[in-house]
Amino acid sequence: MIGRLNHVAIVVPDLAAATALYRNALGATVSDPVDVPAHGVTTVFVLLPNTKIELLHPLGENSPIAGFLAKNPAGGMHHICYEVTDIRAARDHLLAEGARVLGDGEPKIGAHGLPVLFLHPKDFCGTLVELEEVAAA
Ligand code: CO
């Protein structure tokens, strides 16, 4: 059911320092910071040949990742995102398998303008999983 790894998201306490680390120490291609107010984050995209890394930093007072950073002051891996071609069918399958979908279970428009859902980390080996609907290949 799941397709490609779309991205791995890492919450960082210092976006400029993390960007420099990926650009200089790891030699990766990195984007300029992009504010995504609807999701309460500023993102830097690290473009790899086969996937992306998204460096996330809280934006605004009610950022959904502020609590994560409070608990993990050095930063840490926040979620992984897998691509699916039919997000509602994927959700229905997962619910039938006993997995928990976060929120009201309806896909929301994510940071890339595509429908996304999040799955409960306790059901997926301690990892927050994002599903993103992409066009069928
Ligand atoms: Co994501």
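Keep in mind that what you see is a predicted model, and the values were worked out from it rather than measured. For ligands, and for the atoms within them, numbers begin at 1 and follow the listed sequence.
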R4 meets the salt bridge (Lys or Arg N to Asp or Glu O under 4.0 Å) criterion, sequence neighbours left out, with E83
Can you establish whether the number of heavy atoms outside K108 located under 6.0 Å from its atom NZ is more than 12?
yes
Exercise. Are any of the side-chain nitrogens in E133 or R88 under 4.0 Å away from the carboxylate oxygens of its partner?
Worked result: no
task = Return the set of protein N, O or S atoms whose distance to the Co ion (ligand 1) is under 2.8 Å, each given as residue and atom.
result =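 Checking every protein N, O and S atom gives H7 NE2, H79 NE2, E130 OE1.
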Taken in chain and number order and not counting sequence neighbours, the residues that satisfy side chain to side chain donor-acceptor pair (under 3.5 Å) with E54 are H7, H112
* Decide yes or no on side chain to side chain contact (heavy atoms under 4.5 Å, CB included) for V129 and I2, but give the supporting numbers first. => CA-CA 11 Å; V129 173; I2 58 170; over 6 Å; no
Note: with side-chain heavy atoms under 4.5 Å as the link, the other cluster members for L59 come out as none
